[in-house]
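Below you'll find the structure, written out as structure tokens, and then a few comments.
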Amino acid sequence: MNRTKIFLIACSAALLVACGTRVPITEQAPVTDRVMSPATPMPAAESTAPANVTSRDIKPVEVAPIAVAKSGVVYFDFDSFIVKPEYQSVLEAQAKFLMGNRNVKISLGGHTDDLGGREYNLALGQKRADAVKRSLTILGVAEAQMEAVSFGKEKPASPATDDDARAKNRRVELAAP
């Protein structure tokens with residue numbers, strides 16, 4: 001009986017904590033409506049190695065790492081997760097690169113400034129990352145190539161607390177994991 005009460009109290013506390021954010025988790029992040037033709041799938045690679053080749057016959061090949069396209073940061077307005085039209089060219093460059101390199105996966109890290117509570121900022125950072133992911137999906141990038149994560153206010157680009165520094169912290173960074 002005592003364990004049951006403790007379990008119910010713990011569940012109630014967890015439910016109250018989960019409901020503490022002012023950002024609705026179920027709300028969809030808006031993105032610009034863009035119609036693109038679906039990308040054609042890449043053909044599966046076929047093995048050309050003869051059956052009698054062993055692992056000691058194969059020599060390692062040094063491969064240069066593939067970098068994500070040139071600019072991989074999208075900035076947001078205060079308390080917003082709307083992808084601004086000025087970042088469309090950044091997203092198009094990323095989409096072109098990712099569609100040309102279907103084996104590359106990227107991480108979309110959502111960040112916020114230092115204002116607001118921890119839970120609120122984690123939810124807002126996730127909404128920002130999801131908005132960028134949805135924008136790239138609309139442009140033809142496979143969802144399996146992207147992982148949207150939130151860092152909230154935990155990893156600021158600038159530790160200062162003035163308006164310019166806070167604006168630099170409200171971002172989604174696109175990076176190879």
Side-chain angles (χ1 to χ4, degrees), residues 10 12-34 36 63-177:
S12 298
L15 181 63
L16 289 174
V17 169
C19 294
T21 181
R22 292 179 292 182
V23 176
I25 303 299
T26 58
E27 183 180 320
Q28 295 254 341
V31 294
T32 57
D33 292 333
R34 243 183 117 91
M36 295 278 302
V63 178
I66 299 175
V68 177
K70 196 160 88 175
S71 176
V73 181
V74 175
Y75 293 97
F76 291 83
D77 290 332
F78 174 75
D79 203 27
S80 172
F81 54 92
I82 296 173
V83 178
K84 297 188 277 187
E86 64 197 68
Y87 294 103
Q88 191 64 35
S89 62
V90 171
L91 295 175
E92 287 172 353
Q94 293 290 338
K96 182 179 177 182
F97 174 80
L98 290 168
M99 288 188 309
N101 297 282
R102 295 284 183 176
N103 61 329
V104 173
K105 294 185 180 190
I106 62 167
S107 172
L108 308 170
H111 300 269
T112 65
D113 58 29
D114 62 325
L115 301 175
R118 182 178 184 274
E119 293 85 11
Y120 179 82
N121 283 329
L122 282 171
L124 181 58
Q126 187 65 47
K127 287 183 167 293
R128 288 176 175 168
D130 288 340
V132 170
K133 182 177 181 179
R134 202 167 292 111
S135 295
L136 289 169
T137 302
I138 289 171
L139 292 171
V141 178
E143 283 193 43
Q145 286 183 268
M146 302 174 283
E147 180 183 10
V149 295
S150 177
F151 295 103
K153 60 183 177 179
E154 303 303 319
K155 293 186 175 186
S158 174
T161 57
D162 60 17
D163 289 340
D164 290 336
R166 286 183 170 133
K168 290 177 185 172
N169 292 334
R170 297 187 295 262
R171 70 198 189 281
V172 169
E173 293 181 343
L174 294 86

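Side-chain atoms are counted along with the backbone in the values below, which use heavy atoms only and exclude waters and symmetry mates.
Scanning both residues, F81 and L124, for their nearest heavy atoms gives CD2-CD1, 4.0 Å. Residues S135 and L91 share a closest heavy-atom pair of CB-CD1, 3.7 Å. In terms of heavy atoms, Q94 sits closest to L174 at CG-CD2, 3.8 Å. When all heavy atoms of A157 and K168 are compared, the closest pair comes out as CB-O, 3.9 Å. The nearest pair of heavy atoms linking V73 to E173 is CG2-CG, 4.2 Å. Across every non-hydrogen atom of V149 and F151, the tightest pair is CG2-CE1, 3.8 Å.
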Pair T161, R166 - check side-chain contact (heavy atoms from CB on, under 4.5 Å), show working.
CA-CA 6 Å; T161 57; R166 286 183 170 133; 3.7 Å; yes
Go through the steps to decide whether N101 and N103 satisfy the test side-chain contact (heavy atoms from CB on, under 4.5 Å), and finish with yes or no.
CA-CA 5 Å; N101 297 282; N103 61 329; 4.1 Å; yes
Show your working on side-chain contact (heavy atoms from CB on, under 4.5 Å) between M99 and Q145 and close with a plain yes or no.
CA-CA 9 Å; M99 288 188 309; Q145 286 183 268; 5.6 Å; no
Any chance you could lay out the side-chain contact (heavy atoms from CB on, under 4.5 Å) test for F78 and L115, step after step, and finish with the verdict?
CA-CA 10 Å; F78 174 75; L115 301 175; 3.8 Å; yes
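No side-chain donor-acceptor contact under 3.5 Å links R170 to the backbone of Y75. With hydrogens and angles disregarded, a donor-acceptor distance shorter than 3.5 Å links the side chain of R171 to the backbone of N169. The backbone N or O of A148 sits less than 3.5 Å from a side-chain atom of Q126, completing a donor-acceptor pair. Although no hydrogens or angles enter the test, the distance criterion places no donor-acceptor pair under 3.5 Å between the side chain of D113 and the main chain of A167.
Crowding of D162 atom CG: a count of heavy atoms from other residues, nucleotides or ligands under 6.0 Å exceeding 12.
Residues T112 and R128 form a side-chain contact, since some pair of their non-hydrogen atoms from C-beta on lies under 4.5 Å apart. Between I106 and V141, every side-chain heavy-atom pair lies at or beyond the 4.5 Å cut-off.
Here K133 contributes atom NZ and S107 contributes atom OG; the two are 10.5 Å apart, rounded to the nearest 0.5 Å.
Salt bridge annotation for K153-D114: absent, with no cationic side-chain nitrogen under 4.0 angstrom from a carboxylate oxygen.
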